[in-house]
Peer 1: 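Take this structure, written in structure tokens, and hold onto it; I'll ask about it next.
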Number of protein chains: 2
Amino acid sequence: MDAIAFKDKLKRYGYKLTTQRRAVLDVLIQRPGEHLSTEEIYSYVKESFPEIGLATVYRTMQLFEEIGIVNRLNFDDGCSRFELYVDNEDHHHHHLICEKCNKVFEVENDLLEEIEKEIGEKYKFYVKNHKVTFYGHCQECNEH
Amino acid sequence: MDAIAFKDKLKRYGYKLTTQRRAVLDVLIQRPGEHLSTEEIYSYVKESFPEIGLATVYRTMQLFEEIGIVNRLNFDDGCSRFELYVDNEDHHHHHLICEKCNKVFEVENDLLEEIEKEIGEKYKFYVKNHKVTFYGHCQECNEH
DNA sequence: CCATAGTTTGATATTAACTATCAATTGACA
DNA sequence: TGTCAATTGATAGTTAATATCAAACTATGG
Ligand SMILES: [Zn+2]
Ligand SMILES: [Zn+2]
Ligand SMILES: [Zn+2]
Ligand SMILES: [Zn+2]
């Protein structure tokens, strides 16, 4: 996401482009696949923008979620984590959590269209999004 | 789950049967499909067992999760919710959350075997469980 | 049934993620 | 550049959940 697209998206929702919001987005762009918590994002942003306040990062993540820039993830570790929402993915990817080493893996394949179609027909529920997490054991933990 | 099966399960994991644990289980059995929070369970248990402490209910839910009596659910409303784990379900059911009225619906059909098989082959990740939530609009909210 | 030892409980203090408040600052637009 | 509403940073407040610890209870074996 470049500066112009970012400003446009904010404007479309009635929000302003600020240095702080840009700095938070930059951290997310520079660290793909890390599933960062708000506190982690805060500490990374501080490297390039030491004046930023923690409350601003919390507010920014809420705003980014609202306007569809990030997905809020819940890995049951007591805090929200975030990843950039990628437009050209049909749906965002799934997560595999290893119950032994707690590593998080990503699954690109979606395959839920079938199920969502059935839910629409059977329950008359229009599915807009989904969150899918698989729990189990990763290759490394199975071998050792 | 009857008293004997309950006591056996606790014993198998090295835990004791207490009046408090039995009282918490009874609330869950008497209120299927309600996705209760810990505080809600606490207030229901107090009706039949006023001396119980909130900390005990938190500890009991943790223990019930550990020994597979309940599923811990996360509906992004700031607290964990719980439902009885039903043994003879192949996997527990899925949840549909309406983003307009916030009602939670249940989907019995699973259909994830295919995906889990693929994950096992492609990522060498052995799937033991999954959590699936669909977000969208329910029938009532679509019509009005 | 009773004594014992280890577990569990209830009350309460503490933690930690997150939100609310508010004066000062900043960004968008004319 | 001036105006004004939006945003920020510092900090206080909130709340779900955990830690602590003395008292009470449960399982077990005699
Ligand atoms: Zn692992
Ligand atoms: Zn991810
Ligand atoms: Zn609805
Ligand atoms: Zn359910």
Side-chain angles (χ1 to χ4, degrees), chain A residues 3-4 6-27 35-67 69-70 72-82, chain B residues 3-4 6-27 35-67 69-70 72-82:
Chain A
I4 294 164
F6 182 48
K7 187 164 186 178
D8 279 356
K9 187 144 205 174
L10 287 167
K11 195 171 176 183
R12 212 174 315 134
Y13 283 85
Y15 298 120
K16 294 181 177 175
L17 174 61
T18 66
T19 322
Q20 290 86 341
R21 288 171 183 168
R22 181 71 232 182
V24 169
L25 180 63
D26 285 340
V27 165
H35 308 120
L36 298 171
S37 68
T38 311
E39 300 266 355
E40 286 165 355
I41 293 166
Y42 171 62
S43 75
Y44 285 129
V45 174
K46 277 185 93 154
E47 292 175 6
S48 65
F49 198 106
E51 322 86 284
I52 201 166
L54 178 58
T56 301
V57 181
Y58 272 101
R59 282 183 297 234
T60 302
M61 298 323 294
Q62 234 176 327
L63 185 146
F64 281 8
E65 185 188 16
E66 181 201 339
I67 69 182
I69 286 182
V70 298
R72 183 184 295 265
L73 310 172
N74 192 303
F75 296 153
D76 286 319
D77 63 347
C79 62
S80 287
R81 296 183 170 275
F82 299 90
Chain B
I4 294 164
F6 183 48
K7 186 165 186 177
D8 279 356
K9 187 145 205 174
L10 287 168
K11 195 170 178 182
R12 211 175 314 136
Y13 283 85
Y15 297 120
K16 294 181 176 176
L17 175 60
T18 65
T19 322
Q20 290 85 341
R21 289 172 182 167
R22 181 73 233 179
V24 169
L25 179 63
D26 285 340
V27 164
H35 306 121
L36 298 172
S37 69
T38 310
E39 300 268 353
E40 285 165 357
I41 293 166
Y42 171 62
S43 75
Y44 285 129
V45 175
K46 278 185 92 156
E47 291 175 7
S48 64
F49 198 106
E51 324 86 283
I52 200 166
L54 177 58
T56 301
V57 181
Y58 272 102
R59 283 183 296 236
T60 302
M61 298 323 295
Q62 233 177 328
L63 184 147
F64 280 9
E65 185 188 15
E66 182 201 339
I67 70 181
I69 286 181
V70 298
R72 182 183 295 266
L73 309 173
N74 191 303
F75 296 153
D76 287 318
D77 62 348
C79 63
S80 287
R81 297 183 168 274
F82 298 90

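We name chains A, B, ... by the order of the sequence lines, and we start the count at 1 in each one. Side chains are part of it too, since the values below use all heavy atoms of this structure and drop only hydrogens, waters and symmetry mates.
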Peer 1: Have a look at the helix from C:dC1-D:dG30 to C:dA30-D:dT1 and give the angle its two end axes make, five pairs each, rounded to 10 degrees.
Peer 2: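 Between the first-five-pair axis and the last-five-pair axis there is 40°.
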
Peer 1: Return the set of residues passing salt bridge (Lys or Arg N to Asp or Glu O under 4.0 Å) with B:Arg81 (not counting sequence neighbours), or none when no residue passes.
Peer 2: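 Partners of B:Arg81 by the salt bridge (Lys or Arg N to Asp or Glu O under 4.0 Å) criterion, ordered by chain and then number, come out as B:Glu40, B:Asp77.
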
Peer 1: Indicate for each nucleotide in nucleotides 6-14 of chain C, in 5' to 3' sequence, whether protein heavy atoms under 4.0 Å reach the base (B), only the sugar-phosphate (S), or nothing (-).
Peer 2: BSSBBBB--

Peer 1: Can a salt bridge be assigned to the pair A:Asp8 and A:Arg12 using a cut-off of 4.0 Å between side-chain N and carboxylate O?
Peer 2: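 So A:Asp8 does not pair with A:Arg12 through a salt bridge.
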
Peer 1: Rounding to an integer number of Å, can you tell me how far A:Arg22 CZ sits from C:dA28 C1'?
Peer 2: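 Whole-Å distance recorded here is 18 Å.
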
Peer 1: Does a side-chain heavy-atom distance below 4.5 Å link A:Tyr58 with A:Glu39?
Peer 2: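 Sidechains of A:Glu39 and A:Tyr58: in contact.
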
Peer 1: Which part of the nucleic acid, if any, lies within reach of B:Ser80 when heavy atoms closer than 4.0 Å are counted: base, sugar-phosphate only, or nothing?
Peer 2: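 Sugar-phosphate: the residue B:Ser80, judged by heavy atoms under 4.0 Å, touches backbone atoms but no base.
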
Peer 1: Nearest whole Å is fine: how far is C:dA17 C1' from A:Ile41 CD1?
Peer 2: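 These atoms are roughly 14 Å apart.
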
Peer 1: When the distance from CZ of A:Phe6 to P of C:dA28 is rounded to whole Å, what number comes out?
Peer 2: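 Between P of C:dA28 and CZ of A:Phe6: 11 Å.
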
Peer 1: Would you kindly compare B:Lys11 and B:Thr38 by the position of their nearest DNA chain D nucleotide and give the one closer to the 5′ end?
Peer 2: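 It is B:Thr38, whose closest nucleotide lies nearer the 5' terminus.
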
Peer 1: What is the first contacted nucleotide of DNA chain D and what is the last, in 5' to 3' order, if contact means an atom lying under 4.0 angstrom from a heavy atom of chain B?
Peer 2: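 Terminal contacting nucleotides, 5' to 3': D:dA16 to D:dT28.
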
Peer 1: Residues two or more places apart in sequence or in another chain: which of them pass side chain to side chain contact (heavy atoms under 4.5 Å, CB included) with B:Thr56?
Peer 2: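 Result, side chain to side chain contact (heavy atoms under 4.5 Å, CB included) vs B:Thr56: B:Gln20, B:Ile52, B:Arg59, B:Thr60.
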
Peer 1: Pull out every protein N or O sitting under 3.5 Å from an N or O of nucleotides 2-4 of chain C, one pair per line with the distance.
Peer 2:
none

Peer 1: When the distance from CE of A:Met61 to C1' of C:dA17 is rounded to whole Å, what number comes out?
Peer 2: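 To the nearest whole Å, that distance equals 15 Å.
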
Peer 1: Looking at every heavy atom in both A:Ala3 and A:Arg22, which two are closest together, and how far apart are they?
Peer 2: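 Taking every non-hydrogen atom into account, CA-NH1, 3.2 Å.
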
Peer 1: Hey, does the side chain of A:Tyr58 come within less than 4.0 Å of C:dT19's phosphate (OP1/OP2), counting only N and O?
Peer 2: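 No, A:Tyr58 has no side-chain N/O under 4.0 Å of OP1/OP2 on C:dT19.
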
Peer 1: Report the distance from atom CZ of A:Phe82 to atom CD1 of A:Ile69, rounding to the nearest 0.5 Å.
Peer 2: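 Atom-to-atom, A:Phe82:CZ and A:Ile69:CD1 are 12.5 Å apart.
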
